[in-house]
Each structure stands twice: as structure tokens, then as C-alpha cells.
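Here the structure comes first, spelled out in C-alpha cells, and everything after it is commentary.
Convention: sequence-line order gives letters A, B, ...; per-chain numbering from 1. Below, all heavy atoms of this structure are taken into account, side chains as well, without hydrogens, waters or symmetry copies.
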Amino acid sequence: MSQLSLKVEFGGGIELLFSKKHTITVELPALVPTDDSTDDQSLMEDTAKEKKPANLAYLVLYLRDRLLTERAELFVENGTVRPGILVLVNDTDWQLEGEGDYELKDKDNIVFISTLHGG
Amino acid sequence: MSQLSLKVEFGGGIELLFSKKHTITVELPALVPTDDSTDDQSLMEDTAKEKKPANLAYLVLYLRDRLLTERAELFVENGTVRPGILVLVNDTDWQLEGEGDYELKDKDNIVFISTLHGG
Amino acid sequence: MSALPLLDYQRYGRQMILDGIGFPGQVKLRKASVAVVGAGGLGCPALQYLCAAGIGRIGIIDHDRVELSNLQRQILHTEETIGLHKAESAARALKSMNSDVLLDVQTVAVVADNARELLAPYDILLDCTDNVPTRYLLSDTAVALGKPLVSGAAQKFEGQLSVFNYGANGPCYRCLYPTPPPRETVGSCAELGIFGVVTGTIGNLQALETIKIILGLHDETPALLIFSALGTPPFRSIKLRSKKESCLACGKSPRIPSSTDYVQFCGGPAPDWVSLGQSSGK
Amino acid sequence: MSALPLLDYQRYGRQMILDGIGFPGQVKLRKASVAVVGAGGLGCPALQYLCAAGIGRIGIIDHDRVELSNLQRQILHTEETIGLHKAESAARALKSMNSDVLLDVQTVAVVADNARELLAPYDILLDCTDNVPTRYLLSDTAVALGKPLVSGAAQKFEGQLSVFNYGANGPCYRCLYPTPPPRETVGSCAELGIFGVVTGTIGNLQALETIKIILGLHDETPALLIFSALGTPPFRSIKLRSKKESCLACGKSPRIPSSTDYVQFCGGPAPDWVSLGQSSGK
Ligand SMILES: [Zn+2]
Ligand SMILES: [Zn+2]
């Protein structure tokens, strides 16, 4: 089963939710469970679960379940990123790429950035 | 014979030598004459000339011979770019890539930029 | 086309000889009017370069007063103007640099009740403010008045820059952020801290975008510039969505009531974490 | 570690609460000394933000006097200081903003005979000058004194920024440009023109690089930042070569005679195209 290696970056304060890391590498199987489960078992190649191509919506949940170290409600709200967070796919607003439905490709660069308001 | 499509950019005043164009696309054969000739005839696939892989040194001569619209001595000196011009290959100083010997790859981004001195 | 005063050729000569500016460009700058909302970290450098370039009329809108803690980044204010209104302090500095520019000093807060009237006289609006409610208010007002909004923001070591409500399909602030962030994710400069050169760089670039719009040199592509002072690379340009049909402000069927309480909309007044002694940074 | 005056906590509080600065960072800034060569388009904004951030000692070195044509971008000078030395005019403005900073006003030209002595007292040098010979001289002097050189340059709509002679393998200006460009390819700001916000942005970023070096937040990777005010994207970061073994200044066997005539080395004095009436832009 093929794997995806993604460069995931955080900015504008979102890094505080992920151990202050600005950049991480995430390895995901190209096919993930249709029920959006993110545990090791479900991500095994030989799981009995139904599969779908890994998309951005899944990545958001995976980050929340597996890598978030601070309060989840400051990252995810109603199943997607909370208001005030922009998601960028290879330097393009995810709205132009289908938002959560965007199917991840190997080597994609995904950025989660919080809007700034100070001056 | 395979072709290379290169994105070539000019900055810091070098664009003035190339019809004020900041960006052009250059199509080159992957193999070019060993004698560095740049005429149509020599670039034909069926030319009898000996061939070598197209490199940065050849691109400099090709630009001079075929696309330069102003005084050549402000671009090339002693067979390479004149002093004060930096050459960048995919956002890296060409010195780190072998300078003129760097073999061009399809979709390479090559920048010729003049050092600025004002303030 | 109106003539330029003779001294203007001397003063602006270095930019008038540029391709894309010239005499007609200088006349455009002189005829332009710009409102800068906020004379703080972003507003100071933006004002400085707009005024130096010879914009004809500049509105300086800020109800705050200069404090010692501002001087680390708000480079138009001085030790002597501590206690004055920032708009007044900024105007003094600008006047000494370029007495030809008409400066409108407005020492009032921009709120829903006065925003349209305050901002209507200007061609372009600059958001140099420091809080979320005012950012929504300025965007909605820019949409209502049909004017571009050059929006800068900065926090800690990071900055962001966008032009909203500009060009055929340019989004507004609400297209990007239909819902305000949760109140608790929003800190102030006092709580979060701010690096002076970040506001300086973003403020400079706000002046640049403004001048490009005036001169017709802006390419109108919706974009977001992200600046990370400690990052490698420090700058990154993002391609943004177009205007959203569903946007409450600039979409097909706008429905922002004119009396929106922006502070409540954004989760209520800011708790003063600093004086409560709960600032994480202190 | 020395204590900070109480007022400094107020003045610099917004930056002292940042991760990576704090109290120790502010003490480092206070103990640091920086020489800014050139108080023009690049020097003014660099000086402004260095002074605002609380650098302890700043040398301002410029022998030129303020002219009306400077005010379009040299934002520390005013209509009133026209005719004064730029170093003096800049110091006045800086002193009113931050009277704690020790300012050394030097109204002399930096030349081969005085460069080492003038620049030796400072930890970091900023090249904010406007001509090729001085750029070589400052680089050679930085190498000789073993100090980093934060180099900015701007022309028309473009700017460039690099830190030279810094880190284990950082190149000097000569590593990049062993031979000066032909004299005729080199114009002055008067001939070529310059957009104020370009010098503003690069000058700001020079202050940023300087502060990062002082605070130990610089990653030491040799890089060139290219800014193109009308480009999409406007910024681009280039990975630069390391120090060259063959470099005449910083290589294995340096051989720059101390009495080098930099002007002759760069092809002789600049012809004054503007007064000759041959400037292409006019
Ligand atoms: Zn909208
Ligand atoms: Zn060297």
C-alpha cells in the first residue's frame, strides 16, 4: 500500500497547539478508513475496514487525534478547522482546491495558519 | 529528441537587455551541439554535429545569440556572464550547482539578476 | 491633467523617472486620498511612506493616546508626544516631513455608527488596527462604500498582508473569515507581544499596495502575503479564493444589518488578561 | 547580567514578552553596538527600528547633506533639516524617539584610510550605502575586523538583502562579486530612480537581520533575499554559496592591499549622467 509523506506547517499561533512545532512531517497511507478512524489498528494495511483516498478533512482529524498536544477545540470545531484558521495546500487557499475533499498527494505542503489581528 | 522547457527570468536591470521582459520561456533540445553553435540548423534533430547535454553555459550563449536585444557585452564577457550578474538555478546560486557545467533539466527556473548598489 | 508645482519635480524626481510612474503617476498620487485607520505599529510606517510619496490627502484615524510602551515600534511618536492623541502625534511628524500633504486628523474611534461617514471621503482604506471587531467593521464598510481595503496584521514574529474588496473578484475579509475566531484565541499586543520590525515591514508593504492601486500597477489577483521574521524563507505568497457568492457582506444577497454590534459579534469585549495577571507571556 | 532600568520594562515590554527575547534578550540589545553606514533611503528605516528596539549604541555615518529630493524616501529627514548633515538630521529624529540610545554622529565619508578605525568600535555593520566602491570597502573592512555586515541595496522597484561575513562559512561581498561590474552598467539613484517603499522595506529587514544576529536568532545560512515591488510573488529567497577559498578578502590567502583605491578598482568616478543630460530616465 502506498504511503504519503506530507510537510505540515503551523503558523499564527497554531503551532502552540502542536508542541510549538512550526513544521512536521506526517506519513499517511494513501487509503484511509471510510469511518475516519485514526488509530494504528485502523491504519494497518490488512484492516478489514472500508477504505477511501486520504483527503484534507481526514488529515485534520488525524492531526487532532494523534499530534495535537493542547486543547482540541482550538483546532477543530464541528468536524473541520475552527473559524479563523486558513488551510493552504501548496501555497493555495484550500477553498480553491475543494477544501476537505482535496485528495492528498505525496509531498504535498499543507499549512494551517491562524488569522492575525494585531497591529 | 527530448525538449527542455525552461522558465528564464531577468532582474536588477538585466531585463533591459531582453526587450524589458522579466520572464520568458525558452525551449531547448536536451542535446545541443558540442561546438556551442546556436543557429536553427545546428539545433535540428538530424544535424550531423556532435552533441552534448544542454548546460547553463550553453543557455547563456543561446540567450546572447538569439534573444538579447541590446548590447551583448553587458550580458556576456569572456564566454560567461559578466561580473555583477548572479545566476540562480531553482532559487540556488549556480556556484552550488556547478556553474556553467550544470546540466539543464526540463522545467528548470533560471534567473539572471544584476547586483544592485543603490540605497 | 493638472500641472505639478515646480518643487514637486525636485521632491519626487527619484520616483517620477521610474517606468510606470512618471508625471502622470505623480499627478495620480497627488489627486488620491487615503484613510489610515490606526496610527500604531502598522499605521506609522504606512503613513510615513504614503506621505513621503506625495499622496494628496491622508486621513489619520485613531482615538488612542501615545504611551511609552508604543515607542518600541510606533516610530512616528516621540517621548515628547506621550499623552497626545496618536493621530495628532503622527500628523506632527508627517507635517514636518511633507507639508504639502493635506492631513485629516480624526481622534475618534471607528464604530458602526460613524464608519461610513468617516471613510466615505477617501479612495482607499488601510486597516492598521489591532482588534477583530474593527477588522470586520472596516471590511463591511469598504464593501458598502465600494473601496479597496489594504489590510495588515501583525503578532509576535509574524505578519499578514492582503488587499480586500479589490478587482473584479476580490474577496472581502468576511469571505475569508465568515465566522470570528473564538474570543479566547484572540490576544492583544500587550498579551502576545510584537516585534517592531514586523509591524514596520507589513506597514511599509501596505503603503506599497496602496500606491500600486493608485498607479494602476496592481495585478488584482487575490493574495495573502505571510511574513515570518524568524522563518526560512521569511516570506510566502498565497493564492486566495475569489469573492464568495454566499458572503454576507459582498455576496449575492448581502445581509449585514447596518447596526451590527461588532464587539458582541466577535464574542464580547476583550478580557484584560494583562491586568488580571494571567498573560501567558509575563 | 546587568539590571535594566525600570522604565525599560514599560518601553520594551511588548518585545520582552516574546519567546526568544525576554529579559536576557533586551540586555543583549542594550549591550550591542551597531554602525549604520549611510543615513539615506536604507539607513533611515534601519536606524529607526534599531533605535526603537533599544540597541545600546548606534553609529550613524554619512557625509552627505539633506536635500529636498531625499524626502521622498529618507523618512528621518524633514523640510527643516534640509542642508544639515544627514547623520545629524537622523540623530535628531532618533533622539526624540529614544533618548536612551547612545548615538555617534559621524559626518565623514568612509574611505580606505579611515574605515577600520571608524567601524572597529561596533559589533555589527550595516551597509546602507549607494555605490559600488563603498560596498567593496565595507565588505573588506568587515572581513578585516571580523564582524558581520548586513547589506541592503535598492534600485527602481527592486531590492536585495544579504548578511555577509557571518557564521562559519558565510561569504563576503567579494565571494559573490570578485570583479566589479563594468562602470557603465552602474547608475545612481538620481539616474535610475528609486521607489521609497523599496528602500523602506529593505531597510526594515536590515534592522531585523541585525537584531536576529544580536539575539542569536539568526540561522547563519548564506542567503539572498530578492524583493521585487511589482513582482508576483514579491519576495524570493535564494540559497547562496559559502565562503570561497579563492576569495581575495576572506579566502585562504587574503591579499587586499590596505591602500586599495576602491574608486579606481570599480572603474573610476561615476560620470554625472544627470547633469550631462544623458540620463535615460529623464
Ligand atoms: Zn465577502
Ligand atoms: Zn570573500
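Chain D forms more heavy-atom pairs under 4.5 Å with one residue of C/L225, C/L71, C/D19, C/L217 than with any other, namely C/L71. Among D/Q15, D/R11, D/K212, the residue making the largest number of heavy-atom pairs under 4.5 Å with chain C is D/R11. For the options C/H77, C/E79, C/E80, heavy-atom pairs under 4.5 Å to chain D are most numerous at C/E79. Comparing D/S237, D/G200, D/G20 by how many heavy-atom pairs each has under 4.5 Å with chain C, the most go to D/G200. For the set D/A229, D/A93, D/G203, D/A53, the entry with the most heavy-atom pairs within less than 4.5 Å of chain C is D/A229. The choice from D/L205, D/L7, D/I75, D/D219 that makes the most heavy-atom pairs within less than 4.5 Å of chain C is D/I75. Per-residue counts of heavy-atom pairs under 4.5 Å with chain D were compared for C/P45, C/A52, C/G22; the largest is that of C/A52. Considering only heavy-atom pairs separated by less than 4.5 Å from chain D, the leading option among C/P233, C/S69, C/G54, C/A223 is C/S69. Counting heavy-atom pairs under 4.5 Å between each of C/E67, C/Q72, C/M97 and chain D puts C/Q72 at the top.
Contact of C/I21 with chain D is made through the side chain alone, with heavy-atom distances under 4.5 Å. The part of C/T232 that comes within reach of chain D is its side chain, from C-beta onward, which places non-hydrogen atoms under 4.5 angstrom from that chain. Using a 4.5 Å cut-off between heavy atoms, C/S99 touches chain D through backbone and side chain atoms alike. Neither the backbone nor the side chain of D/I202 comes within less than 4.5 Å of any heavy atom of chain C. At a 4.5 Å heavy-atom cutoff, C/H218 makes no contact with chain D through either its backbone or its side chain. Residue C/L76 does not touch chain D at all, counting heavy-atom pairs closer than 4.5 Å. For a residue to count as touching a neighbouring chain, one of its non-hydrogen atoms must lie under 4.5 Å from one of that chain's; by this rule D/I211 touches chain C with the side chain only.
Under the 3.5 Å distance criterion, the side-chain polar atoms of D/Q48 are left unmatched by any main-chain donor or acceptor of D/N204. Side-chain atoms of D/D62 come within 3.5 Å of backbone atoms of D/A39 as a donor-acceptor pair (strictly under, hydrogens ignored). Put simply, the side chain of C/Q206 gets close to the backbone of C/V150: a donor and an acceptor are under 3.5 Å apart. The backbone N or O of C/G43 sits nowhere less than 3.5 Å from a side-chain atom of C/Q74 that would complete a donor-acceptor pair.
Interatomic distance, D/K95 NZ to D/D100 CG, rounded to the nearest 0.5 Å: 9.0 Å.
Every residue meeting the side chain to side chain contact (heavy atoms under 4.5 Å, CB included) condition with D/H85, not counting sequence neighbours, appears here in chain and number order: D/R65, D/E88, D/T107. Remark: D/Y12 pairs with D/N98 by the side chain to side chain donor-acceptor pair (under 3.5 Å) rule, at least two apart or across chains.
Ring orientation note: the planes of C/F157 and C/F195 are nearly perpendicular, at an angle over 60° on the 30°/60° scale.
Contact detail for D/P222 and D/G170: the closest heavy-atom pair is CG-CA, 4.3 Å.
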Inset, instruction - Could you give me the CA-CA distance, side-chain angles and deciding distance for C/L50 and C/L126, then say whether side chain to side chain contact (heavy atoms under 4.5 Å, CB included) is met? - result: CA-CA 11 Å; C/L50 290 170; C/L126 275 77; 4.0 Å; yes

